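Inspection log for the structure reproduced underneath, given as structure tokens.
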Amino acid sequence: MDESYTSLPTSHLLGSVPAVISEEKKTTDSAEARLQIFPPNNGGEKGRGYQSIGSSNDGEEQQATNNWKGVFNISSYIQYFNVDTDIVLDRIKYSLYPINGDFFRKIDANPDLYGLIWISTTLVFVIAALGNCATYLMDRHTDKKTTWSFDVNYVNVAAVAVYGYALLVPTAFSFMLQYLGSNSSLVRFWCMWGYSLFIFILSSFLLVIPVEFLRWLIILIAGSASSCFVALNMRSYIEGTDLTMVAVASFILQFALSLFIKIWFFP
Amino acid sequence: MSHGDTVPLHPSSQSDIDEIENLINISAHSSVLPAKPQSPPRASIPISSSPFISSNIPQPSYQPQQQQQQSKPKPQSQSLPVPPVLPISNISPNSNGMSGFGSPVNTLTEPVWDTVKRDLSRIVSNLKLVVFPNPNREDPGKALRDWDLWGPFFFIVFLGLVLSWSASVKKSEVFAVAFALLAAGAIILTLNVLLLGGHIIFFQSLSLLGYCLFPLDVGALICMLKDNVILKVVVVCVTLAWSSWSAYPFMSSAVNPRRKALALYPVLLMYVSVGFLIIAID
């Protein structure tokens, strides 16, 4: 029946539409029934970024490898944002306890990049804004005559420092671990480092208090809590191998970040 | 033949226009002509059919040539491609101003003030839909059917300018930070909703986030004119709440209800940071 349509004399006209697209959907339906492909698709679809295909995959097949449709296609990143509000809040609360070292086990099935992006963005804003307040209060403390001035450069420095740290350090660790032989998952590293920055947001609110001793105390507590969180998690990730230097290095780097935040933004 | 145009035509084009009009009139002489003689009649022109089918169009073209006193040396090659080009367009013949020769170029030849007025009225109507209370708020899909990007562009640039004027030092950096924050922020917020599995149209969302900046624009203007810290804090809080209230239904309905807070928190963050910039710029 299909052939007779194409043999009509009008099929070669301008703008004529081919009569029937041969549908293979029926056979692929049973194989991919779990993937919930929205009609009308003829098998593989490309570039339809609005379809939440990733959300139906969890628990049924390997999530990490199957949905990559290219760097510039949104639907290949949807799998990393497959979290609900309560999951994110739960992970944030978990990041405040530096002693348990099993954050990786918690996020193993479903690492998310939502935490990394929005916690670091919030941190940029908070330290830029509160850093200005803190600088003003500290100057007022020493010299009663200073007036409020908003230094917009704080935003730039905060953005470079926080985004640079949050993106580059996990990448460096991931590559180093791969170079040294053991496997590593970059997404999980990003996720863990992202959540480790949350404690700095809370401590920034306390760092506005213009008492020098108190500021140092607060940043020491927050810095060591965050660094312990990172180091213990790294140690549990690489256990079995002889790479404790990695955990120590991560501790030192996180502590250096906390000192930088204190010295530059809350002098 | 006079068209009623006020633009004087080149003498050689007058003959071409005459030929083509004769062509139209002859081939459509059986149909009902519209009241205004300038626009060609619409669906009745048989030239809409495919050129591969042999039609009788080339034949009538010989007749005007014999009738015309000034016949061009190559009218055949001109007249054959020309009839299919005249589209059956939908530009109404009652457009103000000149209709021109072909009906699809009406908006191109209208006065500039008409174009500007049309865009301005669309901006105002979109603003009323988004920012002010109206009965359509429950259905966010209706919110910005007729979205445009001029309104958001004006609001973002205006906010950047007001902040830059308010600043006493580093004016250009302030403008750059404000503009980058708002423009990149709108894009990132839209991407955030898409990544969380929500369903929105990219440009409609950009448009909506831009329109929701209108209250903050008003607040920034008031803060620039009156430089009192308490007043600034109050004004910014009020306008911040207003902006968030106007963006809330659109954003929250675009995602799964269990992820609503994840989609709304970045909107709040962006508006709070802009509000802080308004307060803090001295």
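Only a predicted model underlies this, so the values are computations on that prediction, with no experimental measurement involved. Chain A is the first sequence line, chain B the second, and so forth, proteins listed ahead of strands; every chain is numbered from 1.
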Practice prompt. Might you work through the side-chain contact (heavy atoms from CB on, under 4.5 Å) test for A:N82 and B:R259, ending with a clear yes or no?
Written response: CA-CA 10 Å; A:N82 190 17; B:R259 303 182 179 186; 2.7 Å; yes
Discussion item. Please enumerate all residues that pass side-chain contact (heavy atoms from CB on, under 4.5 Å) together with B:V193, with sequence neighbours excluded.
Written reply: B:I200, B:M251, B:A254, B:V255, B:A263
Practice prompt. Determine the minimum heavy-atom distance between A:F150 and B:A280, stating which atoms define it.
Written response: CB-O, 3.4 Å
Fill in: Spacing of B:K170 atom NZ and A:N153 atom CG [to the nearest 0.5 Å]
4.5 Å
Worksheet item: With a 4.5 angstrom heavy-atom cut-off, which part of B:V229 approaches chain A: side chain, backbone, both or neither?
Response: neither
Response to the item:
Whatever's closer than 4.5 Å to a heavy atom in chain B on A:D112 counts as neither
Discussion item. To the nearest 0.5 Å, what is the distance between CG on A:L113 and CG on B:L195?
Written reply: 9.0 Å
Item to complete: Under the side-chain contact (heavy atoms from CB on, under 4.5 Å) rule, collect the residues that match up with B:A183, sequence neighbours excluded.
Response: B:F179
Worksheet, complete the sentence: Cut-off 4.5 Å, heavy atoms of chain A, and the answer for B:L181 is neither
Response to the item:
Whatever's closer than 4.5 Å to a heavy atom in chain B on A:D151 counts as side chain
Worksheet item: CH2/A:W118 to CG/B:L269 distance, rounded to the nearest 0.5 angstrom?
Response: 6.5 Å
Discussion item. Which residues in residues 194-203 of chain A have any heavy atom closer than 4.5 Å to a heavy atom of chain B?
Written reply: none
Discussion item. Apply side-chain contact (heavy atoms from CB on, under 4.5 Å) to residues A:T85 and B:Y265 and explain how you reach the verdict.
Written reply: CA-CA 10 Å; A:T85 309; B:Y265 167 71; over 6 Å; no
Worksheet item: Using a cut-off of under 4.5 Å for heavy-atom pairs, which of B:V174, B:N192, B:V177 has the most such pairs with chain A?
Response: B:N192
Item to complete: Could you grab the distance from atom CG of B:L277 to atom CZ of A:F125, nearest 0.5 Å is fine?
Response: 8.0 Å
Item to complete: Give every residue pair that meets the ring-ring contact (aromatic ring centres under 6.0 Å, His included) criterion with at least one member in residues 213-239 of chain B, sequence neighbours excluded.
Response: B:F155-B:F214
Worksheet item: Looking at A:D86 and B:R258, does any basic side-chain N land under 4.0 Å from a carboxylate oxygen?
Response: no
Worksheet entry | Proximity breakdown for A:V126 and chain B, heavy-atom pairs closer than 4.5 Å | neither
